[in-house]
There are 2 protein chains.
Amino acid sequence: MPLRMTRQRMLILEELMRLKTHPTAYELHAIVKRTLPQISLGTVYRNLEQLSASGRCQRLAFGSGNRRYDGNTEAHHHLCCLECGRVDDLPADGHEIEHVLKAALGEVCGYRITGVSIELYGICPACKKRETTKNKKTIRR
Amino acid sequence: MPLRMTRQRMLILEELMRLKTHPTAYELHAIVKRTLPQISLGTVYRNLEQLSASGRCQRLAFGSGNRRYDGNTEAHHHLCCLECGRVDDLPADGHEIEHVLKAALGEVCGYRITGVSIELYGICPACKKRETTKNKKTIRR
DNA sequence: TTTGGTGCAAATTCTTTGCATCTCT
DNA sequence: AGAGATGCAAAGAATTTGCACCAAA
């Protein structure tokens with residue numbers, strides 16, 4: 001399935017990479033509509049899903065709820081506001097992580113930090129096993 | 001608003017603390033129904049929301065989508081399966097975090113790790129300011 | 001041309017809420 | 001008794017999908 005370069009897809013990815021705001025599909029739709037007024041929300045959802053699945057952007061999820069997308073494909077971490085849902089990049093590379101964690105109960109980038117969480121993503125033993133037996137299965141979200 | 005100890009609330013919290021599976025509201029509802037067959041999904045949602053708001057449990061959110069709840073109120077981290085959505089506790093305290101991150105590209109607890117993310121939760125400067133001016137505002141989820 | 005993509009609207013899925021009734025304290 | 005809580009069902013949000021038409025390769 002070769003990804004066709006449609007006007008819509010190109011625009012979506014361009015805007016996403018340009019933005020630093022980790023938009024939701026809904027927010028990004030509002031933005032791309034300024035250039036392509038007739039573009040549908042469904043198209044934005046479909047493209048974000050495909051683009052993130054193929055590694056051209058990242059899909060994020062935080063405590064506040066909505067799924068957000070990030071045009072920055074490098075591994076990096078985030079500051080999530082519990083009140084407004086805003087997400088900022090955490091300006092810390094691997095070497096600074098320790099420092100950041102230690103400072104976590106104080107101020108970081110002007111945020112009042114109330115919690116820290118480290119998440120590892122991967123494939124669990126059961127799924128690894130299932131994968132090798134080629135047994136596809138639909139999962140309830 | 002003193003939390004009343006109803007049969008439903010007690011059961012929900014008990015089961016949540018007993019489980020190690022970080023259930024969704026839907027999953028937990030299925031479980032508590034075994035004891036209280038007439039309990040409604042709405043009640044489970046309402047109670048999980050209250051219990052987490054009052055610090056008696058934790059509300060989690062991961063890339064896969066659904067909101068999950070955790071009866072363990074101590075700060076700890078998670079392993080999230082990208083395929084089935086399963087969430088396990090990461091057996092690492094503060095001192096081990098560094099080690100875990102370094103091992104992150106290999107195997108942890110049998111998972112094949114594909115990504116690591118650190119999330120800090122807190123209140124952003126804009127919201128802190130807004131808080132002090134007592135200007136309440138509803139936010140789009 | 002042909003196959004994937006799009007717009008639109010309807011359908012799903014997850015979560016919240018209004019309301020009449022119940023039940024802790 | 002009275003403030004909260006519950007069950008139920010309907011409403012809301014967020015996301016996905018079926019389908020007829022369109023457009024990139």
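Chain A is the first sequence line, chain B the second, and so forth, proteins listed ahead of strands; every chain is numbered from 1. Given the structure is predicted, the values throughout are model-derived calculations rather than measurements.
For the helix from C/dT1-D/dA25 to C/dT25-D/dA1, the terminal axes (five pairs an end, C1' atoms, rotation from four pairs onto the next four) enclose an angle of 40°, given to 10 degrees.
Residues passing the side chain to side chain donor-acceptor pair (under 3.5 Å) test with B/Arg34, sequence neighbours excluded: none. Residues satisfying the side chain to side chain donor-acceptor pair (under 3.5 Å) criterion with B/Arg56, sequence neighbours excluded, are B/Ser54. Looking at residues two or more places apart in sequence or on another chain, you find a side chain to side chain donor-acceptor pair (under 3.5 Å) between A/Ser40 and A/Thr43. In this view, A/Thr35 satisfies the side chain to side chain donor-acceptor pair (under 3.5 Å) rule with no residue, not counting sequence neighbours.
Taking atom CD on A/Glu27 and atom P on D/dT15, their separation rounds to 11 Å, with Å as the unit. Across the protein-nucleic acid pair, A/Tyr26 atom OH and D/dT15 atom P stand 12 Å apart, rounded to whole Å. Between A/Tyr69 atom OH and D/dT15 atom P the separation is 7 Å, expressed in whole Å. Taking atom CD on A/Gln38 and atom C1' on D/dC21, their separation rounds to 14 Å, with Å as the unit. For the pair A/Asn47 CG and C/dG4 P, the interatomic distance rounds to 15 Å; values are reported in whole Å. As a whole-Å value, the separation of B/Leu41 CG from C/dC14 P is 10 Å. As rounded to whole Å, 21 Å separates atom P of C/dT21 from atom CD1 of B/Ile39. Between the NE2 atom of B/His29 and the P atom of D/dG7 there is a distance of 8 Å, rounded to whole Å.
Contact detail for B/Val32 and B/Ile12: the closest heavy-atom pair is CG1-CA, 4.1 Å.
Under 4.0 Å is where a charged nitrogen must lie from a carboxylate oxygen, and between A/Glu49 and A/Arg46 no such pair does.
The side-chain contact (heavy atoms from CB on, under 4.5 Å) test with A/Arg68 is passed by exactly one of A/Gln58, A/Glu27, A/Arg59: A/Glu27.
Distances from the side chain of B/Ser40 to the nucleotides D/dG18, C/dT15, D/dG7 place D/dG7 closest. With distances taken from any side-chain atom of B/Arg9 to the nucleotides D/dT6, C/dT6, C/dT15, the minimum falls on D/dT6.
In this structure, the separation between CD on A/Glu15 and CD1 on A/Ile31 is 6.5 Å, given to the nearest 0.5 Å. Rounding to the nearest 0.5 Å gives a distance of 9.5 Å between NE2 of A/His22 and CG of A/Leu16.
Between the base of D/dG4 and the side chain of B/Arg46 there is no donor-acceptor pair shorter than 3.5 Å.
The residue among A/Thr43 and B/Thr43 whose nearest nucleotide of DNA chain C lies closer to the 5′ end is A/Thr43.
Contact annotation: A/Tyr45 side-chain N/O to D/dT15 OP1/OP2 distance is under 4.0 Å.
Within the 4.0 angstrom heavy-atom criterion, no nucleotide atom of any strand lies near A/Glu49.
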Which protein N or O atoms sit under 3.5 Å from an N or O of nucleotides 22-25 of chain C?
{"residue": "C/dT23", "atom": "O2", "partner": "B/Arg4", "partner atom": "NH1", "Å": "2.8"}
{"residue": "C/dT25", "atom": "OP1", "partner": "B/Met5", "partner atom": "N", "Å": "3.3"}

